[in-house]
Amino acid sequence: MPELPEVEVLAQHLRPLLRGKIIRGVTVRRAKVLAPTSPREFRRAVLGAQFAGLSRRGKYLLFQLKRRVTGERVTILGHLGMTGRMFLAGWREPLPAHAAVVFDLGGENFIYEDTRYFGRLTLDGSVVGKLGPEPLGGDFQPATFARALKRSRQAIKVKLLDQKVVAGIGNIYASEALFRARLSPKRSASRLTRRQIKRLWGAVRKVLAEAIRCGSTVPLNFGKDGLDGFFYFGRAPGTPDYYEERLRVYDREGRPCPNCRNPIRRMTQAARSTFYCPHCQNS
Ligand SMILES: [Zn+2]
């Protein structure tokens, strides 16, 4: 599932491609992704509008549109869900079977494909107001992070997935940040010391920044040859081996820990897999 770095890389990739393009038509093939916006409402808001900007908040994409005559601004909120993809393709290229929404940009289509039906593309942006700070922004500080963790008895791994504590972290980068901070994923959030919280704060920022840097060098050519492995497996097919190595514990059960060579373990927390090294992450 795409997390902050993957969404950021996608935003950086799409921003220059969409900028200035005008929506000449829109086909909604699965209305559910628009909810609570109705297809009619969606069409009316976006038809004829121009892509003016694209930003990211947590794991959400925010497409800023400008209506040409009135100058009125409209924002579309996008979420990739489990395996959603967004890409541009030539107008004559066949649409993928799971294309949920297709924007006709004149000569090319901007396609939102959602094979597993967990994504969204809607005019309802209310969820953004409930998100915690951006982990790479100035609002995310050790002191605010500590305040958010103090109130919770949940295991720190589970708490890191709470988008109100910090926005954009999912299962992959929660495991990776805890490994780099040498903290047990089972440790209760409220029992972390100030020093441990500072270490985790630094590790969160580091793993996310590294992943964005790595992803920015991977070719994203979604429609044509499916070079999007980076999004789900840490590595796109055909990219050098070292891309996989950026994930040190995630999905590496039984393989040697890069620090101590003991096997990486997997356990289930809140119905999701956690990967960790019991030897290195014992505090
Ligand atoms: Zn280890």
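Just so you know, these numbers use all the heavy atoms, side chains as well, and skip hydrogens, waters and symmetry mates. Both counts, for ligands and for their atoms, begin at 1 and track the order of listing.
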Undergrad: Please tabulate, for side-chain N and O atoms in residues 100-110, each donor-acceptor pair with protein atoms closer than 3.5 Å (sequence neighbours left out).
TA:
from : atom 1 : to   : atom 2 : distance (Å)
D104 : OD1    : G106 : N      : 2.8
E108 : OE2    : K21  : NZ     : 2.7

Undergrad: Before we go on, tell me: are the rings of F145 and F140 under 6.0 Å apart, centre to centre?
TA: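 Ring-ring flag for F145/F140: true, centres closer than 6.0 Å.
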
Undergrad: Any pair with a residue in residues 147-160 that passes salt bridge (Lys or Arg N to Asp or Glu O under 4.0 Å), sequence neighbours left out, goes on the list, sorted by first then second residue, please.
TA: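 Those involving residues 147-160 are K159-D162.
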
Undergrad: Name each donor-acceptor pair under 3.5 Å that joins a side chain in residues 31-40 to protein atoms two or more places apart or in another chain, with its distance.
TA:
from : atom 1 : to   : atom 2 : distance (Å)
T37  : OG1    : T122 : OG1    : 3.0
T37  : OG1    : L123 : N      : 3.1
S38  : OG     : E41  : N      : 3.1

Undergrad: Is a donor from one side chain sitting under 3.5 angstrom from an acceptor on the other, for S188 and Q154?
TA: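 Per modelled atom types, S188 and Q154 side chains form no pair under 3.5 Å.
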
Undergrad: Salt bridge between E253 and R265, side-chain N to carboxylate O under 4.0 Å?
TA: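 No salt bridge links E253 with R265.
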
Undergrad: What's within reach of the Zn ion (ligand 1), meaning protein N/O/S atoms under 2.8 Å?
TA: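 Metal shell, protein only: C257 SG, C260 SG, C277 SG, C280 SG.
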
